[in-house]
Amino acid sequence: MQDVASLVTQAREGRPRAVARLISLVEGASPQLREVMAALAPLTGNAYVVGLTGSPGVGKSTCTSALVTAYRRQGKRVGVLAVDPSSPFSGGALLGDRVRMSEHASDPGVYIRSMATRGHLGGLAWAAPQAIRVLDAAGCDVVLVETVGVGQSEVEIAAQADTSVVLLAPGMGDGIQAAKAGILEIGDVYVVNKADRDGADATARELNHMLGLGESRGPGDWRPPIVKTVAAREEGIDEVVEALEKHRAWMEERGVLVERRLARASREVETIAVTALRERIADLHGDRRLSALAERIVAGDLDPYRAADSLVEGLTEG
């Protein structure tokens with residue numbers, strides 16, 4: 001058993017090993033998870049959470065690394081949560097984005113963690129919200145969450161970040177098409193990366209046109225900016241940071257930041273409650289109560305909805 005209080009204290013002092021152990025407790029759904037979350041709760045709410053998403057190959061890791069450099073120049077502590085696809089064999093992170101951010105490995109003001117999705121859809125790992133909380137409590141001023149390469153429906157990052165950055169690149173063929181139904185609805189800042197390639201201006205124009213078609217904004221509403229970058233050379237990254245800071249200021253001025261964080265907390269509570277209920281239902285397989293309800297459904301004495309209501313009532317009362 002880990003000494004949670006000691007780990008939290010060490011994490012606040014910037015000791016990466018303590019942060020790693022806390023996130024490992026989260027990822028492994030440790031029996032100490034509740035103790036960890038209780039200890040972290042008073043220490044959270046200070047980090048600015050930025051999500052980066054986009055199709056595979058647009059340069060998310062390179063852009064994330066460049067953003068780390070920019071924020072470190074401002075003297076800010078930065079946490080990076082790089083969510084990778086899971087290995088089908090070990091369940092661990094398959095790609096290891098930390099390899100592409102190795103230049104920051106020796107910087108004590110940067111903490112980088114790769115997390116496996118472990119089959120969880122939406123571009124994020126199931127434990128991402130708790131891992132973000134660990135990095136927040138550890139004193140990170142900014143937490144950058146890089147998702148796996150996502151498609152139209154995998155836009156869960158919008159529910160976890162204060163600001164969502166959507167990356168596209170010219171020459172990706174179906175880059176805009178893949179983004180239409182989902183990604184274009186979640187971005188607060190859009191980045192056309194690899195802007196030194198042919199077609200970058202056309203990609204930016206098409207993106208601007210599509211954003212305009214879907215607009216239903218009133219006076220004073222946020223209009224997502226489009227920033228062109230060459231992240232590999234850190235070109236345009238300062239403009240991305242400026243756009244992020246403007247969005248943060250706009251949210252704080254209008255109370256949107258608080259609304260987003262309240263919604264995030266609500267979803268997290270709901271997810272934990274539903275997961276606990278699902279686990280209790282799973283424990284009923286083979287239980288006489290479930291078998292008895294099934295028998296009544298088959299006999300036509302009970303419909304499945306009333307049976308489910310009866311089951312939920314029994315679980316919540318128990």
Side-chain angles (χ1 to χ4, degrees), residues 49-71 80 82-85 95 97 100-101 121-124 144-217 221-248 250-251:
V49 183
V50 178
L52 295 98
T53 191
S55 300
V58 296
K60 292 188 298 295
S61 295
T62 306
C63 189
T64 299
S65 181
L67 283 172
V68 171
T69 300
Y71 278 120
V80 178
V83 184
D84 290 323
L95 298 179
D97 280 322
R100 279 163 278 177
M101 301 182 205
L121 298 178
L124 288 180
L144 303 175
V145 184
E146 178 197 334
T147 74
V148 299
V150 298
Q152 291 182 199
S153 62
E154 296 172 307
V155 291
E156 192 174 320
I157 185 59
Q160 301 299 338
D162 296 323
T163 298
S164 296
V165 178
V166 175
L167 284 90
L168 300 101
M172 298 298 291
D174 61 348
I176 298 288
Q177 292 296 323
K180 272 186 182 177
I183 300 255
L184 288 182
E185 297 172 1
I186 68 161
D188 299 305
V189 175
Y190 289 89
V191 173
V192 177
N193 192 31
K194 304 181 182 180
D196 52 343
R197 292 184 177 181
D198 291 340
D201 290 339
T203 299
R205 282 196 303 271
E206 185 177 356
L207 178 58
N208 186 57
H209 175 66
M210 291 182 65
L211 288 171
L213 286 177
E215 260 184 4
S216 57
R217 298 181 179 90
D221 286 353
W222 177 256
R223 176 176 171 80
I226 300 169
V227 184
K228 289 188 289 185
T229 65
V230 183
R233 300 200 296 260
E234 297 186 6
E235 295 176 8
I237 296 301
D238 287 339
E239 287 79 2
V240 175
V241 172
E242 182 181 353
L244 291 173
E245 291 306 313
K246 285 182 178 178
H247 184 243
R248 183 179 186 176
W250 177 85
M251 288 191 296

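What you see is a predicted model; the values in this text were computed from it and never measured.
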Where [X] and [Y] come nearest, the two heavy atoms and their spacing:
X: A161; Y: G51; value: CB-N, 3.4 Å
X: Y71; Y: L244; value: OH-CD1, 3.4 Å
X: G59; Y: L167; value: O-CD2, 4.0 Å
X: A200; Y: K228; value: O-CD, 4.4 Å
X: K194; Y: A169; value: CD-CB, 4.2 Å

TODO: Please name all residues satisfying side-chain contact (heavy atoms from CB on, under 4.5 Å) with A66, sequence neighbours left out, ordered by chain then number.
DONE: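 Once residues adjacent in sequence are excluded, the partners of A66 under the side-chain contact (heavy atoms from CB on, under 4.5 Å) criterion are E234, I237.
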TODO: Tell me, please, which residues at least two apart from E235 pass side-chain contact (heavy atoms from CB on, under 4.5 Å).
DONE: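 So E235 forms a side-chain contact (heavy atoms from CB on, under 4.5 Å) with V230, R233.
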- [ ] Hey, could you give me the CZ/OG1 distance between R197 and T203, rounded to the nearest 0.5 Å?
- [x]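 Output value for this atom pair is 10.5 Å.
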Open item on the list: Could you work out, with side chain to side chain donor-acceptor pair (under 3.5 Å) as the rule, every residue matching T229, not counting sequence neighbours?
Closed with: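 With neighbours one apart ignored, the set is N193.
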[X] side chain vs [Y] backbone, donor-acceptor pair below 3.5 Å:
X: W222; Y: D188; value: yes
X: K60; Y: G54; value: yes
X: D162; Y: V49; value: yes

Would you indicate whether the side-chain heavy atoms of [Y] and [X] approach each other to under 4.5 Å?
X: I226; Y: V191; answer: no
X: P170; Y: D198; answer: no
X: V189; Y: P225; answer: yes
X: V68; Y: L144; answer: yes
X: V192; Y: V227; answer: no
X: Y190; Y: L211; answer: yes

Task: Identified side-chain contact (heavy atoms from CB on, under 4.5 Å) partner of L52 from the options T163, L67, V145 - done: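 It is L67, the one option of T163, L67, V145 that forms the side-chain contact (heavy atoms from CB on, under 4.5 Å) with L52.
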